[in-house]
Amino acid sequence: MSGEGPSLRERRRAETRDMIQSHAVRLFTEHGYDATTVHDVARASGVSAMTVYRHFPTKEDLVLYDRYDPLLAARVAARPADEPVVRRIGRTLVETARTLVGPAAREPETRSSPGRDMLLARLRLMTGVPALRARHLDSQYATQRAIVDALLGDAPDPEAEFRTWVAAGACLAAMHVALVRWTREDGRPDLPGLIATALGAAFDDDFHDDVHDDVHGGSGGDAGGPAGPPAGQPDRAGGDSR
């Protein structure tokens with residue numbers, strides 16, 4: 001029936017997929033991506049290589065795979081329709097990052113969580129392995145398409161579609177810069193706050209979430225780096241990509 005949660009079979013499949021990916025990322029981190037084979041991952045996971053390939057068609061997918069695109073699409077579609085498109089996308093990116101890494105904390109050492117640690121390990125590989133950097137661009141394009149489709153539906157106006165593609169691409173580019181810095185700084189900054197700061201630098205708006213404000217004493221607090229977010233500006237016309 002519609003509306004029900006995933007079946008037992010689906011849950012077990014997801015658990016197996018997560019387990020395999022966890023072992024793969026650990027092995028890639030410890031021994032190197034190129035030095036680790038799919039058979040090594042299968043052996044560590046206690047499954048056959050065929051099972052690994054059933055869940056991850058390529059070796060790169062062992063690092064790049066995640067379930068964020070459907071979540072982003074659902075959340076961006078659920079935001080108020082009269083909200084400027086950049087804010088709809090930007091706030092969704094910040095809120096989804098908060099869901100993944102957990103509440104902000106004043107002390108970096110208290111920010112650890114399974115989701116955060118896995119993301120950090122995957123990003124280290126994505127930014128450090130040339131083959132993964134190339135595939136990561138394809139992954140970002142898929143995320144951009146998921147956002148555009150969620151906002152526009154099946155038969156969009158060509159002009160609105162163009163502007164939405166621009167807005168989504170610009171927001172994801174700002175987030176990418178934040179992710180690279182977060183990875184370079186070993187996950188010490190508050191990631192959602194850093195993404196909000198990057199978006200604010202690009203669009204002269206305030207994208208910080210309430211959790212960040214509570215921890216840092218307002219939206220002007222530092223997101224983990226030397227530059228805080230710019231002061232919030234009035235919203236521009238809905239749908240504008242600035």
Side-chain angles (χ1 to χ4, degrees), residues 1-78 92-103 112-129 131-151 153-154 168 172 175-176 179 183 187 191-192:
M1 293 178 57
S2 61
E4 292 183 352
S7 66
L8 177 60
R9 181 177 181 180
E10 291 168 336
R11 290 198 302 272
R12 286 178 174 171
R13 180 176 174 82
E15 290 170 359
T16 300
R17 184 171 54 233
D18 291 345
M19 180 268 294
I20 293 171
Q21 187 176 43
S22 178
H23 282 293
V25 170
R26 176 181 60 80
L27 291 173
F28 294 153
T29 300
E30 293 176 354
H31 305 294
Y33 178 80
D34 292 331
T36 303
T37 68
V38 171
H39 286 277
D40 293 331
V41 173
R43 190 179 307 111
S45 303
V47 299
S48 67
M50 183 179 298
T51 297
V52 175
Y53 281 119
R54 190 180 304 124
H55 290 278
F56 302 95
T58 70
K59 183 179 176 181
E60 292 91 345
D61 290 330
L62 284 161
V63 177
L64 295 173
Y65 172 82
D66 59 50
R67 296 187 290 269
Y68 303 148
D69 287 0
L71 178 61
L72 285 172
R75 288 188 169 186
V76 77
T92 297
L93 295 176
V94 172
E95 291 167 2
T96 302
R98 177 66 66 205
T99 298
L100 178 64
V101 303
S112 180
S113 70
R116 169 203 172 278
D117 296 345
M118 183 63 167
L119 176 62
L120 182 58
R122 290 175 57 231
L123 285 169
R124 285 172 178 150
L125 291 165
M126 289 181 205
T127 57
V129 178
L132 294 175
R133 284 201 300 269
R135 278 287 309 275
H136 181 55
L137 294 177
D138 293 338
S139 177
Q140 184 161 310
Y141 178 79
T143 300
Q144 187 177 3
R145 173 170 289 281
I147 291 171
V148 171
D149 289 347
L151 288 171
D154 296 330
L172 290 172
M175 183 179 74
H176 176 75
L179 289 170
T183 305
L191 178 58

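This is a predicted model, so every value here is computed, not measured.
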**Study point:** Point-to-point distance, once rounded to the nearest 0.5 Å, from CG of L62 to OG1 of T36
**Key:** 10.5 Å
Check your understanding: Do the side chains of E60 and Y33 get nearer than 4.5 Å, heavy atoms only?
Key -> yes
Check your understanding: Is there a side-chain contact between Y65 and R17 (heavy atoms, below 4.5 Å)?
Key -> yes
Exercise for review: Give a yes-or-no answer on whether the side chains of T99 and T96 include a donor-acceptor pair shorter than 3.5 Å.
Suggested key: no
Review point. If you measure from CG on L191 to CG on L120, what distance do you get to the nearest 0.5 Å?
Key: 9.5 Å
Revision key, fill the gap. In terms of heavy-atom contacts, R122 and V63 come closest through NE-O, 2.6 Å
Exercise for review: Give a yes or no on whether a salt bridge exists between D18 and R67, defined as a side-chain N under 4.0 angstrom from a carboxylate O.
Suggested key: yes
Review point. Distance from L132 atom CG to D61 atom CG, nearest 0.5 Å?
Key: 10.0 Å
**Study point:** Non-hydrogen side-chain atoms of F28 and V129 separated by less than 4.5 Å
**Key:** no
Point to revise | Side chains of L179 and M126 in contact at under 4.5 Å (non-hydrogen atoms) | key: no
**Study point:** Heavy-atom side-chain contact between I20 and T51 under 4.5 Å
**Key:** yes
Point to revise | Closest heavy-atom pair and its distance - A35, D40 | key: O-OD2, 4.0 Å
Review point. Are the side chains of L8 and R12 in touch, meaning some heavy atoms are under 4.5 Å apart?
Key: yes
Check your understanding: What closest approach, in Å, do A73 and A150 show between heavy atoms, and which atom pair accounts for it?
Key -> O-CB, 3.4 Å
Review point. So with a 6.0 Å cut-off around NE2 of H31, is the heavy-atom count from everything else above 12?
Key: yes
Review point. If you take all heavy atoms of V25 and M118, which pair is closest and at what distance?
Key: CG2-CE, 3.6 Å
Practice item. Compare every heavy atom of A44 with every heavy atom of L27, then report the nearest pair and how far apart it is. Key: CD1-CB, 3.8 Å
Check your understanding: Step by step, would you call V47 with H55 a side-chain contact (heavy atoms from CB on, under 4.5 Å)?
Key -> CA-CA 11 Å; V47 299; H55 290 278; over 6 Å; no
Check your understanding: Got a second to check how far H23's NE2 is from R43's CZ, nearest 0.5 Å?
Key -> 13.0 Å
Check your understanding: Any side-chain donor paired with an acceptor under 3.5 Å for R133 and H136?
Key -> no
Exercise for review: Enter the distance from Q21:CD to D66:CG here, rounded to the nearest 0.5 Å.
Suggested key: 8.0 Å
Practice item. Could you please spell out the steps behind the side-chain contact (heavy atoms from CB on, under 4.5 Å) verdict for Y53 and V38? Key: CA-CA 8 Å; Y53 281 119; V38 171; 3.5 Å; yes
Check your understanding: L93 versus V76: any side-chain heavy-atom pair under 4.5 Å?
Key -> no
Point to revise | Exercise: identify the closest heavy-atom pair between G187 and R116 | key: O-NH2, 3.0 Å
Study note, to complete from the structure: d(R13 CZ, R9 CZ) to nearest 0.5 Å is 8.0 Å
